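Model, not experiment: these values are computed from the prediction. The chain is numbered in sequence order, starting from 1.
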Amino acid sequence: MNAADEVMDICLLAGEIMLTYGAETYRVEETLERMARAAGFTNVHCFTTTTGIFLSFEERKGKEDLMQMVRVDDRMQDLNKVTEVNQVSREFTSGELTVEEAHERLESIYHSPVNYPIWLIHLAAGVAGGGFSYLFGGGLGDLLPAFIAAVAASVALVEFERYLKVRFAAELAAAFLGGSAAIFLVFIGLGFNLDQIIIGSLMPLVPGVPLTNAVRDLLSGDLLAGMSRGVEALMTSLSIASGIALSISLFI
């Protein structure tokens, strides 16, 4: 493998990690272009959408451009990995890392597990659900049922997505189970304000990062990526609303 292919590989790997775990498309493009130019290549161009990255550069003047693309199917939220890739990019562009060292660091980031155990993520979702139920007007007696319903929704989201492989279906199922749990808890007397408990159970499912990235991409001029991220956030919102509507129509 020659130097151009090695640089292409590390650039696309860095971009794939960033795009998969929640980075904005303009940030991915800027990072990859800086890394390619720091390696001595010219005529560098990068085009990124929410599902793919295209990168081309010229090894030396007069020689044919080298271009490759990578498709990104999974989209998750782990901004710590985005930060780690940014750090590798800074060290590579400043000359502190060689191509081989940067590739090893990126492979380590790519294969590293989530920083927090899954049980802690579910617990945090429950705490967030209880807090939001109180923030939106619930009482102290609604904290516990909102906590339980939010944990149920978080567990359902992870487990259904693992088996269904379709995020929107998993979000619909998670919203349905979270809403059903909230209704059941109020029915048995554990909680008083059903609306606030349902709101708390749904907050861990709200697509905050995709919606924020959609706005930032639109403001930076990446219209295609911004609109596609906005549609993704809209589809998630519709899935959540459909799940809650189904639980309310069945049990109330």
For the residue pair [X] and [Y], what are the closest heavy atoms and their distance?
| X | Y | value |
| --- | --- | --- |
| S201 | P204 | O-CD, 3.6 Å |
| L157 | A174 | N-CB, 3.7 Å |
| A4 | F57 | O-CZ, 3.6 Å |

Exercise. May I ask you to say whether E30 pairs ionically with R27, meaning some side-chain N is under 4.0 Å from a carboxylate O?
Key: no
Quiz item: Quick one: does F168's side chain get under 4.5 Å of T236's, heavy atoms only?
Solution: yes
Exercise. Could you tell me whether the side chain of R37 reaches within less than 4.5 Å of the side chain of T93, counting heavy atoms only?
Key: no
Quiz item: Just wondering, more than 12 heavy atoms not from Y110 lying within 6.0 Å of its OH?
Solution: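 Atom OH in Y110 is not packed in, count stays at 12 or less.
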Exercise. Step through the shown structure and confirm whether more than 12 heavy atoms of other residues, nucleotides or ligands are within 6.0 Å of CE on M69.
Key: yes
Closer than 3.5 angstrom, by distance alone: can the side chain of [X] be matched with the main-chain N or O of [Y] as a donor-acceptor pair?
| X | Y | result |
| --- | --- | --- |
| S112 | I109 | yes |
| T20 | I17 | no |
| D142 | Y134 | no |

Self-check item: Contacts of type side-chain hydrogen bond (donor to acceptor under 3.5 Å, both in side chains), residue D73, not counting sequence neighbours
Solution: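 By the side-chain hydrogen bond (donor to acceptor under 3.5 Å, both in side chains) rule, D73 matches R71.
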Exercise. Please assess V88 against E84 for the test side chain to side chain contact (heavy atoms under 4.5 Å, CB included), listing each intermediate value before the final yes or no.
Key: CA-CA 6 Å; V88 172; E84 291 178 347; 5.8 Å; no
Exercise. Please say which of T49, T50, T48, D217 ends up in a side-chain hydrogen bond (donor to acceptor under 3.5 Å, both in side chains) with T25.
Key: D217
Quiz item: Are L250 and I240 linked, directly or through other ILVMFWY residues, by side chains that come within less than 4.5 angstrom of each other?
Solution: yes
Self-check item: For I148, all residues meeting side-chain contact (heavy atoms from CB on, under 4.5 Å), sequence neighbours excluded
Solution: L144, L185, L190
Exercise. Hey, could you give me the CG/CG distance between L12 and L32, rounded to the nearest 0.5 Å?
Key: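 Taking CG in L12 and CG in L32, the distance rounds to 6.5 Å.
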